[in-house]
Protein chains: 2
Amino acid sequence: MALRHAVLAALLDGEYSGYQLAKIFDLSVSNFWHAVPQQLYSELSRLETQGLISGRQVIQHDRPNKRVYTVTRAGIDELERFASTPAKPGTIRENILVMVQAVDHISADAVIAQLEERARMSAAKVELFERMLVRLRGDLDEHTFLRSATPIGPYLTCLRGRRFEQEHHEWFTSTARLLRARAGAHAEGGEAS
Amino acid sequence: MALRHAVLAALLDGEYSGYQLAKIFDLSVSNFWHAVPQQLYSELSRLETQGLISGRQVIQHDRPNKRVYTVTRAGIDELERFASTPAKPGTIRENILVMVQAVDHISADAVIAQLEERARMSAAKVELFERMLVRLRGDLDEHTFLRSATPIGPYLTCLRGRRFEQEHHEWFTSTARLLRARAGAHAEGGEAS
DNA sequence: TGATACATGTAACCGGTTACATGATTGT
DNA sequence: ACAATCATGTAACCGGTTACATGTATCA
């Protein structure tokens, strides 16, 4: 099993509904686990019947009611067990890397366009992470925060997320530039011969 | 579908059997797609019945016979179509990030141990990528190679893979160090009070 | 003779994705 | 009235994972 623990870990941070959790997972901070809303709704039900989280109805007047969840003692124990069994390396699945791998055999233009689009996306994501980090550390400078503030977990994973997107961005841009340059050089070579 | 294109892209590089492909995917260069051997065997059969790859039996005397595959014209066309439809951002699934996210609520020791283990693993992987890069560019220096050598796709994805592992390594080490320091500081604080 | 690497397969299961459905409430 | 956001759910399907099974050839 898998999503289980990611949901538990995300819920440690506060009381959230499925809908709120979906945003946390998908929109901004899917820095450690990817999931679509449907998965979260079903996972939350399952976790509740297993007693790892407990839900409570929140009546709202300005918008539909919702059900928010908190991690139970049993949930924490489950996370503890999880953290004490060896973590297998995560799975990478990047379609755009597949495209670049094949770039010698297919139209480079298509690949370059995708790289540029993804470069824009990751630049935006870097900014999101940046703002998230500032929000998390409040008025402390990073060094002080890291030394002793709590909670530190979400900050640390956010740092990884930011770096990941930064590197992605750099690779997207430099790869796009390189492929463009090579396309240009070939064209010139073709003209000359 | 998903694995499909990763297998096609990997096969562009030469004729491989399921077994060889499994090594390419799993051991060293799973830098763009993760897959276990079983998936490859079944994917190869499927791709062959669909005419995207063609297999041929290779009789061996020193070891069991094998069936090796090459990408067909139809296979290239499929990749071309693939590369011209928008690539959705890849999915990240890192158990160890989940553990770190939860570190404020569970035993930090377990998490630190995992980080140190993973740091060792990624250091090893960086070296693999390093050697792979040297092998791919042969006797050319990187600049020259990047400017005009072919194929360039596998080299570019390998560069991304190496960087990814480097950053992973750095994050594992620095995070482990930080959590250790905080544990130490708490212990001292506890003694003092 | 027993371990290791090579080589491939079937079948069951589970986790993840997509499609579809429903309904409240606020603002335009 | 209509769109947008909030809120949750069911059901079908497909892709990915694990368990199990089988056999060849080399080397210690």
Within this structure, what is the [atom1]-to-[atom2] distance between [X] and [N], rounded to whole angstrom?
X: Leu40(B); N: dT17(D); atom1: CG; atom2: P; value: 11 Å
X: Leu3(A); N: dG15(D); atom1: CG; atom2: P; value: 20 Å
X: Ile92(B); N: dG16(C); atom1: CD1; atom2: C1'; value: 17 Å
X: Lys66(B); N: dG9(C); atom1: NZ; atom2: P; value: 14 Å
X: Arg46(A); N: dT10(D); atom1: CZ; atom2: C1'; value: 14 Å
X: Tyr19(A); N: dT25(C); atom1: OH; atom2: P; value: 15 Å
X: Phe25(A); N: dT17(C); atom1: CZ; atom2: P; value: 12 Å
X: Gln20(A); N: dA7(D); atom1: CD; atom2: P; value: 6 Å

Other ILVMFWY residues reachable from Tyr41(B) by side-chain steps of under 4.5 Å: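 Hydrophobic cluster check, Tyr41(B): joined to Tyr19(B).
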Nucleotide nearest His34(A) when distance is taken to its side chain, options dA7(D), dG9(C), dT17(C):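 Between dA7(D), dG9(C), dT17(C), the one nearest the side chain of His34(A) would be dT17(C).
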Of the listed nucleotides dG16(D), dA5(C), dC6(D), the one nearest the side chain of Ala2(B):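 Out of dG16(D), dA5(C), dC6(D), the nucleotide with an atom closest to Ala2(B)'s side chain is dG16(D).
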Would you indicate, yes or no, if [N] has its OP1 or OP2 atom less than 4.0 angstrom from a side-chain nitrogen or oxygen of [X]?
X: Tyr41(A); N: dG9(D); value: no
X: Lys23(A); N: dT5(D); value: no
X: Ser42(B); N: dG9(C); value: no

Protein-to-nucleotide contact annotation, 5' to 3' order, nucleotides 18-28 of chain D [B base; S sugar-phosphate only; - none; under 4.0 Å, heavy atom]: BB---BBSS--
Residues that Glu142(A) engages under side-chain hydrogen bond (donor to acceptor under 3.5 Å, both in side chains), provided they are two or more places apart: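 In terms of side-chain hydrogen bond (donor to acceptor under 3.5 Å, both in side chains), with neighbours along the sequence ignored, Glu142(A) is linked to Tyr155(A).
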Those residues that, when tested against Thr144(B), pass side-chain hydrogen bond (donor to acceptor under 3.5 Å, both in side chains) (two or more places apart):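 Once residues adjacent in sequence are excluded, the partners of Thr144(B) under the side-chain hydrogen bond (donor to acceptor under 3.5 Å, both in side chains) criterion are Asp141(B).
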Closest-nucleotide ordering on DNA chain C, the 5'-leading residue of Arg93(B) and Val68(B):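 It is Val68(B), whose closest nucleotide lies nearer the 5' terminus.
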All side chain to side chain contact (heavy atoms under 4.5 Å, CB included) counterparts of Thr70(A), not counting sequence neighbours: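 Residues passing side chain to side chain contact (heavy atoms under 4.5 Å, CB included) with Thr70(A): Glu15(A), Ser54(A).
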Short N-O contact, Arg160(B) and Glu94(A), less than 4.0 angstrom: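 So Arg160(B) does not pair with Glu94(A) through a salt bridge.
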Sequence-distant partners of Tyr69(A), ring pair (Phe, Tyr, Trp, His ring centres under 6.0 Å), two or more places apart: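 Checked Tyr69(A) against ring pair (Phe, Tyr, Trp, His ring centres under 6.0 Å); zero matches.
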Mutual orientation of the aromatic rings belonging to Phe172(B) and His168(B) [parallel < 30°, tilted 30-60°, perpendicular > 60°]: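 Judged by the thresholds at 30° and 60°, the geometry between Phe172(B) and His168(B) is parallel.
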